[in-house]
J.: 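Quick one: this structure, given as structure tokens, is what I'll be asking you about.
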Amino acid sequence: MATQAPISIPPQDDPKAEALELLGIARGRYDLAPLDGVRRVVAKRLTEAARDIPHFPLVAHIAAQPLIDARAAYNPGDAGKVSVNDLLIAAVAQALVAVPDVNASFTEHGIVRHHHADVAVAVAIPGGLITPIVRDAETKAAREIALEVRDLADRARRKRLKPDEYNGGSFCISNLGMYGVSSFGSILNPPHGAILSVGAVEDRVVPVDGAPGVARMMTVTLTCDHRVIDGATGARWLQAFAALVADAGNLK
């Protein structure tokens, strides 16, 4: 029979334990993990963003087969070189060029119109989340983006990023499709004016030539800062993005 791990019991005069008891969390029934610097900063920023930024979601269902075909064409016999997410980053960057009003940030000093598509990529790390940035993504081919994202993600997990590699950016993409999540919405991370949440590629029943058929589909949710992006602008960006995904074989 397996030995149960000992439970740490806070002393009676522990103020943290007393505060938790007021929440109905009894002593001896938990372990308390202190907040590290990353988790504390993430919690503060996202709490402020959710509370202070007027935001709205736009949801679209997009055919994913062109992405799968394009990835296969990039990686004959090896699907690990360019991922679907790398192609999505390329499409995001080109859509920001096509609809530059979304490539913007709200500040108290005015609306910042970015000259380049600096696309932040949400990466889970021990103790939190970080968003390293692919700078000038609109100028880079998918294979170049793939190499850069892998390097950034690897160094992010080892806490080896420099501040200018994760501070700033104009837009963010978060992909939980690999975990089987069908759809979700993300909290904005300023100064990004919008964030795209990408769900899993799934077989779904859709109309095909007027009759039910099965297609590979994905759901994306664009969360916009309403102070800088209105609904029609966000919708135009999603249309441009969907068109680029549909023509994924021609992404740079």
Side-chain angles (χ1 to χ4, degrees), residues 37-39 41-46 48-49 53 55 82-107 109 111-178 184-198 220-225 227-229 234 237 240-241 244-245 251-252:
V38 172
R39 177 60 69 180
V41 169
V42 167
K44 181 176 184 295
R45 285 176 61 87
L46 294 185
E48 291 172 350
I53 297 177
H55 56 277
V82 173
S83 70
V84 164
N85 203 55
D86 300 324
L87 292 165
L88 288 170
I89 294 168
V92 161
Q94 296 305 318
L96 290 172
V97 172
V99 187
D101 285 345
V102 172
N103 197 31
S105 300
F106 178 88
T107 76
H109 309 290
I111 304 300
V112 176
R113 304 289 183 190
H114 299 279
H115 293 168
H116 296 281
D118 295 331
V119 181
V121 183
V123 174
I125 61 173
L129 182 76
I130 197 167
T131 52
I133 302 162
V134 180
R135 303 279 181 185
D136 304 339
E138 81 282 4
T139 69
K140 296 173 180 175
R143 200 177 298 281
E144 186 178 358
I145 289 172
L147 292 172
E148 187 168 342
V149 168
R150 281 157 181 71
D151 172 62
L152 288 168
D154 177 65
R155 288 190 291 114
R157 295 185 183 102
R158 292 186 290 114
K159 298 184 179 181
R160 294 289 187 269
L161 289 179
K162 296 175 286 188
D164 64 342
E165 292 179 309
Y166 58 85
N167 282 329
S170 60
F171 188 100
C172 189
I173 180 171
S174 178
N175 190 341
L176 294 179
M178 66 284 293
F184 67 105
S186 299
I187 298 174
L188 286 164
N189 184 25
H192 309 148
I195 181 170
L196 186 72
S197 309
V198 181
V220 299
T221 303
L222 180 70
T223 303
C224 303
D225 183 343
R227 300 171 300 178
V228 63
I229 301 167
W237 186 90
F241 173 75
L244 286 157
V245 168
L251 285 170
K252 286 187 59 178

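The structure presented is a predicted model; accordingly, all values stated were derived computationally and were not measured.
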J.: Using a strict threshold of under 4.0 Å (side-chain N to carboxylate O), is an ion pair present between Lys140 and Asp136?
T.: no

J.: Run the numbers on Tyr166 and Val123 for side chain to side chain contact (heavy atoms under 4.5 Å, CB included), then give the verdict.
T.: CA-CA 11 Å; Tyr166 58 85; Val123 174; over 6 Å; no

J.: Working to the nearest 0.5 Å, report the span between CZ of Arg143 and CG of Leu87.
T.: 10.0 Å

J.: With rounding to the nearest 0.5 Å, note down the distance linking CG in Leu188 to CG in Asp225.
T.: 6.0 Å

J.: To check you understand the geometry: which heavy-atom pair defines the closest contact between Ala137 and Val119, and what is its length?
T.: CB-CG2, 4.0 Å

J.: Are Glu165 and Leu152 close enough, and set up right, to give a side chain to side chain contact (heavy atoms under 4.5 Å, CB included), and what steps lead you there?
T.: CA-CA 8 Å; Glu165 292 179 309; Leu152 288 168; 4.1 Å; yes

J.: So Phe241 and Leu88, side chain to side chain contact (heavy atoms under 4.5 Å, CB included) or not? Walk me through it.
T.: CA-CA 9 Å; Phe241 173 75; Leu88 288 170; 3.7 Å; yes

J.: Does Val84 form a side chain to side chain contact (heavy atoms under 4.5 Å, CB included) with Val198? I'd like the steps, not just the answer.
T.: CA-CA 11 Å; Val84 164; Val198 181; over 6 Å; no

J.: Is Asp164 salt-bridged to Lys162, going by a charged N under 4.0 Å from an acidic O?
T.: no

J.: Closest approach of Ser170 and Asn103, non-hydrogen atoms and distance?
T.: OG-OD1, 2.6 Å

J.: Can you tell me how far apart CD1 (Ile173) and NE2 (His192) are? Round to the nearest 0.5 Å.
T.: 12.5 Å

J.: Using every non-hydrogen atom in the two residues, find where Ile229 and Gly193 come nearest and quote the distance to one decimal.
T.: CD1-O, 3.3 Å

J.: Any side-chain donor paired with an acceptor under 3.5 Å for Ser186 and Thr223?
T.: no

J.: If you round to the nearest 0.5 Å, how far is CD1 of Ile89 from CG of Leu251?
T.: 11.5 Å

J.: Indicate the atoms forming the closest heavy-atom contact of Ala122 with Thr131, along with that distance.
T.: CA-CG2, 3.9 Å

J.: Can you tell me how far the CZ atom of Phe171 sits from the CG atom of Leu222, to the nearest 0.5 Å?
T.: 5.0 Å

J.: Any idea which heavy atoms bring Arg227 and Ile53 closest together, and the distance?
T.: NH2-CG1, 3.5 Å

J.: Looking at every non-hydrogen atom in both residues, tell me the closest pair between Gly169 and Ile133 and how far apart they are.
T.: N-CD1, 3.6 Å

J.: With a 4.0 Å cut-off on N to O distance, would you call Asp151 and Arg155 a salt bridge?
T.: yes

J.: Going by side-chain hydrogen bond (donor to acceptor under 3.5 Å, both in side chains), Asp154 matches just one of Arg157, Arg150, Arg158. Which one?
T.: Arg158

J.: In the structure I gave you, are the side-chain heavy atoms of Leu161 and Pro132 within less than 4.5 Å of one another anywhere?
T.: yes

J.: Is the shortest heavy-atom distance from the side chain of Leu129 to the side chain of Asn189 under 4.5 Å?
T.: no

J.: Give, for atom CG of Asn175 and atom OG of Ser197, the distance between the pair rounded to the nearest 0.5 Å.
T.: 9.5 Å

